[in-house]
Amino acid sequence: MTQPVNHLAIIMDGNGRWAAARGMPRTYGHKAGVEALRRTVKSVPKFGIKHLTLYAFSSENWSRPADEIKDLLSLLKLYIRRDLAELAANGVRVRIIGRREGLRPDILALIESAEEKTAHNTELNLNIAFNYGGRDEIVRAMQTVIDDPSGPVAKGERVTEQHISAALDTVASPDPDLILRTSGEVRLSNFLLWQVAYAEMVFLDCMWPDFDEHHLAEAIEIFTRRDRRFGGVEAVKGAAQ
Ligand code: IPE
Ligand code: IPE
Ligand code: MG
């Protein structure tokens, strides 16, 4: 039987190209991208998805022009400020994953208030990856395991996969079932490197600002046709066990 998508992770890519195709500045694409994000958060519960992780800003995105970074940070702030009440009312629990150290105090305060105000919600777990890099997350997790006074290192025990998984920013969500990237690029760009071990990957050509419920349904349909084996063998009907 096909497994449902419990955790969907999305690399929201193509805002800049979408804007350029319209002769507009990149920020115009980022604004339209926020609308696609809002649509997606509303749509996913209809597909039975309980965990949604969105790649909003990578550790490497700081290398973009200062003006674009400024606009992206403003858009994130605006999104949280404008939508927080509605997210809270719709049972969405918001978590921001990524490196907190070095973030501006106003951004930090907003992140903390979004997490606090939605902490009791259970309908949908929304993880927003901001200042996020998969390698950075793994390094921070390893440091946490090493420094934990009641952890394996302090007790002279061996470190296991479980110790590392439990120290990752995504500890509250199971590993993603499906990773979806828009814009036609076929790469992970440092997203959830540990967690994608057995995720199915779907790459769509549409640019993120155009993404809607039909694309979501298409990605899920592709996923349901995949044969997930997790290193085992396919069950053959009628074969002796
Ligand atoms: C994704 O769109 C949004 C972020 C990375 C913040 P891009 O800005 O990467 O758009 P393209 O890839 O240049 O088209
Ligand atoms: C990945 O997209 C990061 C986000 C979607 C936030 P990029 O556009 O930054 O990735 P590259 O540079 O094409 O790999
Ligand atoms: Mg891009």
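Indexing begins at 1, ligand by ligand and atom by atom, following the structure's order. The model shown is predicted, which means the values in this text are computed figures rather than measured ones.
- Side chains of Ser173 and Asn127: a donor on one and an acceptor on the other come within 3.5 Å.
- Summary: OD1 is the N/O/S atom of Asp13 found nearest to the Mg ion (ligand 3).
- A heavy-atom separation below 4.0 Å is not found between Ser183 and ligand 1.
- Under 4.0 angstrom from ligand 2, the non-hydrogen atoms of Phe57 all belong to its backbone.
- Ring-plane geometry between His7 and His51 is classed as tilted, the angle between the planes lying from 30 to 60 degrees on a 0 to 90 degree scale.
- Of all atoms in ligand 2, numbered sequentially from 1 with element shown, those under 4.0 Å from a heavy atom of Ile11 are 5 (C).
- Near Ser189, meaning under 4.0 Å from one of its heavy atoms, ligand 2 places the atoms 1 (C), 10 (O), 11 (P), 14 (O).
- Using modelled atom types and a 3.5 Å distance limit, the side chains of Glu157 and His163 yield no donor-acceptor pair.
- Judged by distance alone, the side chains of Glu123 and Asn90 never bring a donor and an acceptor atom under 3.5 Å apart.
- Ranking protein heavy atoms by distance to atom 13 (O) of ligand 1, first place goes to Arg26 NH2, 3.0 Å.
- Counting only N and O atoms by type, the side chains of Ser183 and Arg17 include a donor and acceptor under 3.5 Å apart.
- The contact set between ligand 1 and Asn61, taken as ligand atoms under 4.0 Å from a residue heavy atom, comprises 5 (C).
- Side-chain atoms of Asp212 come within 3.5 Å of backbone N or O of His215 as a donor-acceptor pair.
- A donor atom on one side chain and an acceptor atom on the other are not found under 3.5 Å apart for Ser74 and Asp71.
- What sits closest to atom 2 (O) of ligand 1 on the protein, heavy atoms only, is Asn15 N, 3.2 Å.
- Using a 4.0 Å cut-off to heavy atoms of Arg17, the atoms of ligand 1 that qualify are 11 (P), 12 (O), 14 (O).
- Within the 4.0 Å cut-off (strictly below), a protein heavy atom is located near atom 9 (O) of ligand 2.
- Among protein heavy atoms, atom 5 (C) of ligand 2 sits closest to Met12 O, 3.4 Å.
- Ligand-side atoms of ligand 2 in range of Arg187: 11 (P), 13 (O), 14 (O), range being under 4.0 angstrom from any heavy atom.
- Distances from atom 6 (C) of ligand 1 to the heavy atoms of Gly184, Ala56, Ala19 put Ala56 nearest.
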Stepwise side-chain hydrogen bond (donor to acceptor under 3.5 Å, both in side chains) check, Thr118 with Asn121: CA-CA 6 Å; Thr118 60; Asn121 284 343; 5.3 Å; no
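- If you look at Arg64 next to ligand 2, the close heavy atoms, those under 4.0 Å, all belong to the side chain.
- Looking at Trp194 and Asp175, their side chains never bring a donor and an acceptor atom within 3.5 Å of each other.
- Heavy atoms of Glu185 stay at 4.0 angstrom or farther from ligand 2.
- For the 3.5 Å distance criterion, the side chains of Asn125 and Arg95 qualify, holding a donor opposite an acceptor.
- Residue-to-ligand polar distances keep Leu72 apart from ligand 1: every N/O pair is separated by 3.5 Å or more.
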